Amino acid sequence: MERSAGPLRPAAGRQGWLAWVAGIAALAGLAAVPRLGLFAAYLGTEILIAVLFAQSFHLLFGYTGLLSFGQAAFFGMGAYGVAVLLRDVTQSMAVAMAGAVALAALCALVIGFLSVRRDEIFFSMLTLAFGMMVYTVAFQWRSFTGGSDGLTRFEVPPLNLLVARVDLGDIEQYYYFTLVVVVLGVGFLWRLVQSPFGQVLVGLRENPQRMAFVGVHVARYRLAAFVVAGALSGVAGALMSPFAHIASPVYVHWTKSAEPVLMTLLGGSRVFLGPAVGAALFLYLHNLVTQYTDHWEVVLGGILLVLILFFPDGILGSLVRAYPRWKAMKREPAAARRPLGARGGAPASLPAAGRASEREGR
Amino acid sequence: MAALLSVRGLVKEFGRLRAVDGVDLEVEEGELTAVIGPNGAGKTTLYNLITGRYAPTAGSIRFRGREVAGLAPPELVRLGIGRSFQITNVFPNLTVLQNVRIAAIVQMGRQRRWWQRVDHDAELHQACMAVLRQVGLDGLAHRPVNTLSHGDRRQVEVAIVLATRPKLVLLDEPTAGMNPAETRRMVELIQRLHRETGTTFLLTEHDMEVVFSICRRIVVMHRGRVLADGSPEEIRRNPEVRAAYLGEVA
């Protein structure tokens, strides 16, 4: 999965095999993280949650062509949903999480229904506005949400599986629980973008008007993507509050909505796992920089500036694009100058050509 | 037998402008008809009404015996009306195959399948390749469309339309911006598709040579109305047409 390249380039043949090996190696690496110590388990959990959040945003931005600027609303629904359900309703983690995700999906259905008919900046502004409404509720409804203090009066129960009990109060166990949920969520998205439904979303990104004249009700399919993304953002949020032992208004603030956007810019919006790489980098750097200075935003801004000016495909995106060229140069130095299209590659001067190159799995 | 497409008293107003002003038009199954007229005659507006981009101000559009005026484009595509646009309207960042595949996914009812891998769908792949062979683009299947020539891009659009399996195809100036060689290829393609698939074609065109050589029926529009309707010979001889339109060109 790590080597899976562009959104439209299914892993094929030897590359597909390599992708499996790389994927398993990556999972093994992720499973080993808690061995690095408590701190690694904390940071790792935070990163995993951000990965799912950013990847769910990517379904909208990278695949459907919708820049949602209100994903924190659904993250927050998940976070507050779990906290409220654990406080007032249930002592089952599974029930609380399922309820919180259903709440996030429902919220996405309503906000999406009112937003997906608008294009581009108008869509972004609507999602931003709805996100701020949700924030206002979380911030003002003190008796129910704890207002600016957040919601802390809930216990995190152990997770009862048929064969085992997972003590979610233990950070190491919580890390593994998060890892399983996030891998399932990202795996689900991976399948989704390679499906016929995923191709319809890509068509909506590329040319919604053409899609209408191909027989697709544009708003319906956008809404479907919006609800799926909202539900998965909700899953990320539902993992967050039991981890942090607080549902904080920070989780619904518009700056939280900006995080997946920045993470996607960092990692690259044209590769499936770009946002995941961006999320890891974002939180790792955040952690590193804040040890030395409080001016994290300045450093982040500087990094983003360099990336956007010189590597607009993001970090993973640039690596993925450089890889076939590097391989070709190794094999025969002249290959780099081969005519366009002969290898399915495209010159850097075509802004979106990297997206388009595709090899069939046969 | 009733006509495939039957337009009656069709009107479209934009504010005080009557772009289409009472058009009557019957198209029989299997016809290859041209709609011509000077710029601003209402041809593209007529297309936009038939394909659901605009809702008519008044009048009726019957397709295969069913009233379709005011239906949305996706519904009309499902009923069998496909169209190309004056300005090439494709998915430029995707490959030729992907362009056709998106249309085929919808035509074959697979657009809700979220669990299946699209590149493992042999039936879908074969359907796409069949369309590409029909249009003569099978050799370019894996090329991104934005690396193709203008002429090839317009053929990609025809391939997208064909992949929706239309009964009626509306082509809006299919040879616009093409050089003579590309124009010849497009004309041959349209003729061949018409002959081989029996699909009904309606096309607007500025190139009179193209119109008079391939269409057996020509509809002339002028100021939102049908001025004349008949065989190329009748149109050539029609004095009103000569005054309103051909005279301007000559």
Side-chain angles (χ1 to χ4, degrees), chain A residues 6-12 16 65 188-221 224-225 228 270 339-347 349-362, chain B residues 51-53 72-79 81-85 88-122 124-125 140-148 157 160-161 163-166 170:
Chain A
L8 306 172
R9 191 191 294 175
F188 169 74
L189 283 169
W190 173 240
R191 271 311 276 260
L192 196 68
V193 300
Q194 292 185 317
S195 70
F197 173 75
Q199 288 293 297
V200 170
L201 299 187
V202 167
L204 291 174
R205 174 190 77 198
E206 292 295 327
N207 190 344
Q209 189 211 32
R210 210 342 138 193
M211 287 310 276
F213 287 95
V214 154
V216 171
H217 288 276
V218 172
R220 273 183 219 171
Y221 281 81
V228 171
R270 289 174 192 171
L340 214 183
R343 293 179 33 85
S349 59
L350 291 169
R355 246 185 214 174
S357 53
E358 173 218 45
R359 285 174 199 108
E360 284 298 289
R362 69 198 81 221
Chain B
T51 59
R53 196 171 188 184
E75 271 128 34
L76 293 166
V77 172
R78 268 155 219 230
L79 290 173
I81 300 180
R83 79 171 287 183
S84 77
F85 291 80
T88 315
N89 197 341
V90 294
F91 306 103
N93 297 319
L94 306 183
T95 65
V96 173
L97 177 63
Q98 285 176 319
N99 267 264
V100 171
R101 193 164 65 186
I102 287 173
I105 284 169
V106 180
Q107 198 281 322
M108 294 168 84
R110 283 155 155 75
Q111 68 272 29
R112 289 198 186 85
R113 293 194 184 178
W114 55 267
W115 64 89
Q116 194 182 48
R117 279 187 58 164
V118 74
D119 54 346
H120 287 185
D121 190 337
L124 177 70
H125 186 76
L140 298 174
H142 298 280
R143 283 273 297 273
V145 171
N146 58 17
T147 67
L148 301 181
E157 187 165 10
I160 293 174
V161 174
T164 67
R165 299 208 178 195
L170 289 81

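All figures in this text were calculated on a predicted structure; none of them were measured in a lab. Below, each value reflects all heavy atoms present in this structure, side chains not excepted, and no hydrogens, waters or symmetry copies. Chain A is the first sequence line, chain B the second, and so forth, proteins listed ahead of strands; every chain is numbered from 1.
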Heavy-atom contact with chain A under 4.5 Å, split by part of [X]:
X: B/Ile160; result: side chain
X: B/Arg113; result: both
X: B/Val90; result: backbone
X: B/Thr164; result: side chain

Exercise. If you round to the nearest 0.5 Å, how far is CD of B/Gln116 from CZ of A/Arg191?
Worked result: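 So the CZ of A/Arg191 and the CD of B/Gln116 are separated by 9.0 Å.
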Exercise. How far does CZ of B/Phe91 sit from CG of A/Leu204, to the nearest 0.5 angstrom?
Worked result: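 The distance works out to 8.0 Å.
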For this session: Give, as side chain, backbone, both or neither, the part of A/Val216 having an atom under 4.5 angstrom from any heavy atom of chain B.
Result: both
Exercise. Looking at side-chain heavy atoms only, is the closest gap between B/Val106 and B/Arg78 below 4.5 Å?
Worked result: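 Yes, close enough: below the 4.5 Å cut-off.
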Problem set entry | Which of B/Gln111, B/Arg112, B/Glu157 touches chain A most, by non-hydrogen pairs under 4.5 Å | B/Gln111
Exercise. Is the backbone of B/Pro73 close enough, under 3.5 Å, to the side chain of B/Arg53 for a donor and an acceptor to pair up by distance?
Worked result: no
Exercise. Angle class for the A/Phe213/B/Phe85 ring planes (parallel below 30°, perpendicular above 60°, tilted otherwise)?
Worked result: perpendicular
